[in-house]
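Bear in mind that the values here come from a model prediction, so they are computed numbers and not experimental data. Every number for a ligand or one of its atoms is a count from 1 in the order of the listing.
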Amino acid sequence: DTSGIPHRPGRLPVIGDLIGANPRTPLQDTVRIGKRLGPIFTRKVFGFEIVLVGGVDLVTELNDETKFGKHVGLGVENLRALGGDGLFTAHTHEPNWRLAHDILQPAFSAEAMRRYHPIMLDVARELVAAWDAASGPVDVSADMTRLTLETIGRAGFGYRFGSFERPEPHPFVTAMIRALRYAQLQNVKLPFVRRAFAGTPEQNRADIAVMTDLVDEVIAERRGSGEESRDLLGLMLTEGHPMTGERLDPVNIRNQAITFVVAGHETTSGALSFALYYLTRHPELLAKARAEVDAVWGGREPAFADVAKLRYVRRVLDEAMRLWPTAPGYSREAREDVVLGGKYRMRKGDWVVVPLPLVHRDPAAWGDDPEAFDPDRFEPAAVRKRPAQAYKPFGTGERACIGRQFALHEAVLALGVVLQRYDFDIDPAYELKIVESLTLKPSGFTLRPRVRLRTS
Ligand code: HEM
């Protein structure tokens with residue numbers, strides 16, 4: 001029963017709260033509306049009502065794993081057309097979730113990060129080569145997507161997308177972006193609106209085929225080569241479960257491969273782009289971050305252990321992901337009948353959406369100027385004063401992001417490398433514009449990099 005939960009005034013029959021809503025920016029609309037309506041509210045679009053919870057106190061309850069778990073719903077259920085029972089889209093009760101989680105965990109250990117470091121550094125060198133050669137402004141989100149796609153391709157699968165050699169995105173990326181949009185828009189119930197924004201089912205089938213064909217090719221090549229590697233693909237093809245010895249089946253391996261390429265690059269790319277956006281708009285913070293890189297790395301390229309030493313650069317990324325968590329939400333489902341916040345009755349199986357940009361702006365946890373970009377919010381003393389559940393860019397509980405350490409090592413490394421090497425001319429007229437697909441990214445954000453320091 002959602003009758004006691006606030007929603008926007010003027011809700012209409014059939015189309016609901018659609019006035020003023022834009023199918024291209026559902027998340028940004030939600031943030032705007034949620035800031036006015038408070039910690040819990042509903043939105044109704046085309047007969048489809050969802051409850052959204054952005055207040056830290058209520059989210060703290062929702063994140064209690066004994067009472068709630070991940071809900072695969074709304075956008076995520078539709079993504080099963082791409083990811084099947086891969087880790088991100090699997091229901092927790094599907095046996096393949098636990099099996100794959102346990103088999104793949106070693107691919108995200110500290111030891112594994114040490115193996116990925118030289119690969120990540122190599123890709124950062126390719127970004128540097130591209131930016132050194134650029135004669136004008138570069139599209140930051142596009143280049144960060146090249147970097148992160150190349151990194152997950154090589155570190156996870158030994159596959160080169162060749163992103164920096166291509167003027168346009170790799171066909172996998174074009175297909176992926178369209179397929180993600182198609183999946184997301186399946187929730188829009190009016191066919192003509194859906195078709196206008198999502199494209200045709202034929203196009204969608206072709207896009208999914210582009211993705212599965214590439215993944216099948218990479219898997220076949222690895223199987224054929226007899227090469228042994230402890231990257232993601234190597235673990236999936238050769239390892240059994242640590243306790244039972246059970247192996248992943250070929251269909252699941254394909255699902256995981258697509259899942260990891262998608263989950264493993266869009267989000268990290270957006271985080272890097274937002275971080276560069278905020279730094280270049282706050283020269284004093286950029287100077288502070290760069291001073292740290294110069295002090296800790298000197299004029300050298302970073303060794304593995306040098307990356308985690310960039311504490312301030314890490315805080316810049318944390319703060320960028322506070323304002324714009326690039327995976328902007330998750331859903332929670334009641335394991336039993338519960339009363340949320342002592343007030344809202346939920347039956348077993350009922351679910352709500354947690355829009356992270358609202359959690360990350362709740363004044364109760366973040367003070368009265370939550371829109372201000374301030375990396376010092378992540379100084380240890382400040383973090384200790386905040387409720388533990390106030391910051392959740394990597395999700396929560398057993399279904400939280402398995403790639404967190406991978407993303408953070410990659411992002412701190414790449415941000416360190418570009419701050420060390422470049423000064424930036426900005427376009428002063430640019431105003432932050434955010435594109436929404438499954439993830440968030442700045443759109444049309446360019447910088448002109450000028451070499452300030454050549455590394456040895
Ligand atoms: C899950 C965020 C990078 C792989 C998640 C979830 C979030 C998230 C919020 C939970 C979603 C939910 O509860 O429905 C991010 C962010 C990243 C990032 C913000 C970068 C800044 C990565 C990378 C990889 C990855 C680099 C792989 C190399 C996954 C997978 C899951 C996941 C496989 C599903 C885990 C499971 O349910 O068992 N991520 N992620 N992510 N992420 Fe990430």
*Quick one: nearest non-hydrogen protein atom to atom 31 (C) of ligand 1, plus distance?*
F88 CD1, 4.0 Å
*Does any N or O atom in E398 lie less than 3.5 angstrom from one in ligand 1, N or O only?*
no
*Can you tell me the protein heavy atom closest to atom 13 (O) of ligand 1 and the distance?*
Y330 CB, 3.5 Å
*Identify the closest protein heavy atom to atom 3 (C) of ligand 1: which residue and atom is it, and at what distance?*
T267 OG1, 3.4 Å
*If the plane angle is over 60° it's perpendicular, under 30° parallel, otherwise tilted; pick one for F424 and W131.*
perpendicular
_Which segment of V76 sits under 4.0 Å of ligand 1 when only heavy atoms are counted_ = neither
*Against heavy atoms of G395, which atoms of ligand 1 measure under 4.0 Å?*
9 (C)
*Looking only at heavy atoms, which two atoms of F41 and I5 are closest? And how far apart?*
CA-CG2, 3.4 Å
*Any side-chain heavy-atom pair of I219 and L237 under 4.5 Å*: yes
_Pick from A400, A90, A263, A327: the one approaching atom 22 (C) of ligand 1 most closely through a non-hydrogen atom_ = A263
*Where's the contact between F406 and ligand 1, heavy-atom distance under 4.0 Å: side chain, backbone, both or neither?*
side chain
*Proximity flag E410 to ligand 1, non-hydrogen atoms under 4.0 Å*: no
*Could you list which atoms of ligand 1 come closer than 4.0 Å to a heavy atom of A407?*
3 (C), 20 (C), 26 (C)
*Which segment of M321 sits under 4.0 Å of ligand 1 when only heavy atoms are counted*: side chain
*Contact check, T268 vs ligand 1, heavy-atom distance below 4.0 Å*: yes
*Between the side chains of S269 and T145, does any donor sit under 3.5 Å from an acceptor?*
yes
*asked:* Using every non-hydrogen atom in the two residues, find where L180 and E266 come nearest and quote the distance to one decimal.
replied: CD1-OE1, 4.4 Å
*Please determine, by modelled atom types, if R399 and T92 share a side-chain donor-acceptor pair under 3.5 angstrom.*
yes
*Against heavy atoms of I402, which atoms of ligand 1 measure under 4.0 Å?*
30 (C), 33 (C)
_Geometric cation-pi criterion R290 and Y422, 6.0 Å radius, 45° cone_ = no
*Within 45° of the axis and under 6.0 Å from the centre of the six-membered ring of W366, does NZ or CZ of R322 qualify?*
yes
_What I want to check is whether the side chains of D231 and Y159 have a donor and an acceptor closer together than 3.5 Å._
no
*For L87, is at least one N or O under 3.5 Å away from an N or O on ligand 1?*
yes
*Give a yes or no on whether the backbone of L235 and the side-chain of R230 come within a donor-acceptor separation of less than 3.5 Å.*
no
*Quick one: look up the protein heavy atom nearest atom 32 (C) of ligand 1 and list residue, atom name and how far away it is.*
C401 CA, 3.7 Å
*For residues F445 and L432, determine if any side-chain heavy atom of one lies less than 4.5 Å from a side-chain heavy atom of the other.*
no
*Specify the protein heavy atom at minimum distance from atom 15 (C) of ligand 1: its residue, its atom name, and the distance to 0.1 Å.*
F394 CD2, 3.7 Å
_Over all atoms of both residues, closest heavy-atom pair of E94 and H91_ = OE1-N, 2.7 Å
_ligand 1 to K70 polar contact by distance, N or O atoms, under 3.5 Å_ = yes
*Looking only at protein heavy atoms, which one is nearest to atom 10 (C) of ligand 1, and how far off is it?*
R399 O, 3.7 Å
*Ligand-side contact atoms (ligand 1) for residue partner P393, heavy atom cut-off under 4.0 Å*: 2 (C), 9 (C), 19 (C)
_Nearest protein heavy atom with distance in Å, relative to atom 28 (C) of ligand 1_ = I152 CD1, 3.6 Å
*Run the numbers for me: atoms of ligand 1, each under 4.0 Å from some heavy atom of T326, listed by number.*
19 (C)
*asked:* I'd like to know if the side chain of D337 and the backbone of K348 have a donor-acceptor N/O pair within less than 3.5 Å.
replied: yes
*Taking the six-membered ring for Trp, are F304 and H409 parallel (under 30°), tilted (30 to 60°) or perpendicular (over 60°)?*
parallel
*Nearest to atom 23 (C) of ligand 1, what protein heavy atom do you find, and at what distance?*
G264 CA, 3.5 Å
*Would you say ligand 1 has an N or O under 3.5 Å from any N or O of W97?*
yes
